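Only this structure's heavy atoms are used, side chains among them; waters, hydrogens and symmetry mates stay out. Below, chain A is the first sequence line, B the second, and so on; all start at residue 1. Nothing here was measured: the structure is a model prediction, and the numbers come from that model.
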Number of protein chains: 2
Amino acid sequence: MQLSKSFDYAIRSLVHLAMLPPGKGADLRAISISQNVPVSYLAKVMRHLVRGGVVSSTLGRDGGYSLRKAPDQVTLLQVYEIMEGELRLVECMQSDGSCAFFNGCTQATVWVRLRAAVEGIFRETTLADLLPKGGNGPVQTAINKEGGYARAGA
Amino acid sequence: MQLSKSFDYAIRSLVHLAMLPPGKGADLRAISISQNVPVSYLAKVMRHLVRGGVVSSTLGRDGGYSLRKAPDQVTLLQVYEIMEGELRLVECMQSDGSCAFFNGCTQATVWVRLRAAVEGIFRETTLADLLPKGGNGPVQTAINKEGGYARAGA
DNA sequence: TAAATGTGGAGTAGATATGTCCACATTTAC
DNA sequence: GTAAATGTGGACATATCTACTCCACATTTA
């Protein structure tokens, strides 16, 4: 029961974009460096986010990505569903009837409670909640593999 | 973000044992049939539960498994930890410092909330909560692959 | 002593997650 | 107009995990 790196990368990237001055964007390489994610893999993640409608991309020189919505209009549930599809905690809770058990399945109530709890948190949490406190400070930094600091947009 | 079948199988098997008359047990084959789980795989699951201390096993003819605790003394959290180890939702929340980010990781608060919610539900829910209502009724049944009914202990 | 059980661990097939690569279309700077 | 900088699309590769199988063996009881 673990969240995927893709989902984690997606959120980090979106937060990165949300911290930029309004109207500004960032390109793949900048996001990749600041979030310590392989460029080629991040490209795939960003494509999901573009298709999912939360990010817009511009081609060509000086192109890149920017948020299409205000940070408080993007919930983690949206991001989850873009990256992973419908939130489902057990295979047998699918609608395709793959569960061999009767309505009397005793576990169902727990799975439902669990799903509701997770979905609730995802639905309540927006990118705005993930922005570092204290206003638009400097872009979040990560320690790169050499032990130094990587700056976004370097 | 999905729970494993092992966990699901473990719970079903424990509930099966919990529904038997006190002092009675069930053998692999009986559990396997009633829960529609491959015997050889279930054997592995049960070994986990035995080592985890929630189930006792007896060898030899007429051997089998039985619960070591009252159903309301076995929480889903215990079962989860026996089957899957420590509850962790993201790799980077490990204690081994594999996360490359500073304390300022903005997502950490969400992961903590999420973990707390899941853990809370698992901790509050015991096998007793999963027993079918209406007392010790007949053992839970499943539809087997032939479309008929499988009875526990058949 | 034979049959019925659980034990232990190696092995396997398939799925999924993660990551790489390259040819290509688009845009902008010069 | 051309070259460089970007994102796009998809095939490919790799690693890890899940679910499951199999078999030799120890133990117990009829």
Among pairs that include at least one residue of residues 48-80 of chain B, which meet ring-ring contact (aromatic ring centres under 6.0 Å, His included), considering only residues two or more places apart or in two chains?
B:Phe7-B:Tyr80, B:Tyr80-B:Phe122
Does any part of the side chain of A:Ser4, heavy atoms only, come nearer than 4.5 Å to the side chain of A:Met83, both counted from C-beta?
no
What does nucleotides 13-20 of chain D look like as a protein-contact string, B for base, S for sugar-phosphate only, - for none, at under 4.0 angstrom between heavy atoms?
------BB
Is there a residue in residues 51-61 of chain B whose heavy atoms reach under 4.0 Å of DNA chain D, and which residues are they?
B:Leu59, B:Gly60, B:Arg61
Cut-off 3.5 Å, no hydrogens considered: what does the side-chain donor-acceptor table look like for residues 123-130 of chain B, sequence neighbours left out?
unit_1   : atom_1 : unit_2   : atom_2 : d
B:Arg123 : NH2    : B:Glu119 : OE2    : 2.2
B:Glu124 : OE1    : A:Arg113 : NH2    : 3.3
B:Thr125 : OG1    : B:Ile121 : O      : 2.7
B:Thr126 : OG1    : B:Ala128 : N      : 3.2
B:Thr126 : OG1    : B:Asp129 : OD2    : 3.4
B:Asp129 : OD2    : B:Thr126 : N      : 2.9

About how many Å separate CG of A:Leu28 and CD1 of A:Ile31, when rounded to the nearest 0.5 Å?
6.5 Å
Looking just at side-chain N and O atoms, do B:Ser6 and B:Tyr41 make a donor-acceptor pair shorter than 3.5 Å?
yes
Please confirm whether the backbone N or O of B:Gly64 pairs with a side-chain atom of B:Ser57, one donor and one acceptor, at under 3.5 Å?
no
Does B:Leu49 reach the side chain of B:Tyr9, with side-chain heavy atoms less than 4.5 Å apart?
no
Could you walk me through whether A:Met1 and B:Met1 pass side-chain contact (heavy atoms from CB on, under 4.5 Å), step by step?
CA-CA 5 Å; A:Met1 194 196 198; B:Met1 193 193 197; 4.0 Å; yes
When the distance from CG of B:Leu28 to P of D:dC22 is rounded to whole Å, what number comes out?
15 Å
Under 4.0 Å from a heavy atom of chain A: give me the 5'-most and 3'-most nucleotides of DNA chain C that qualify.
C:dT18 to C:dA29
Take A:Leu114 and B:Leu3 through the side-chain contact (heavy atoms from CB on, under 4.5 Å) test and state the conclusion after the steps.
CA-CA 11 Å; A:Leu114 206 56; B:Leu3 294 161; 4.0 Å; yes
Determine whether B:Gln107 and A:Ile11 satisfy the following criterion, side-chain contact (heavy atoms from CB on, under 4.5 Å), listing intermediate values before the conclusion.
CA-CA 8 Å; B:Gln107 271 133 289; A:Ile11 299 177; 3.5 Å; yes
Measuring only between side-chain heavy atoms, which start at C-beta, is B:Met46 closer than 4.5 Å to B:Leu17?
yes
Here DNA chain D, pairs taken as Watson-Crick or G-U under 3.5 Å and shown with ( ), [ ] when crossing and | when to another strand, reads ||||||||||||||||||||||||||||||
Would you check if B:Arg12 and A:Cys105 make a side-chain contact, meaning some heavy-atom pair closer than 4.5 Å?
yes
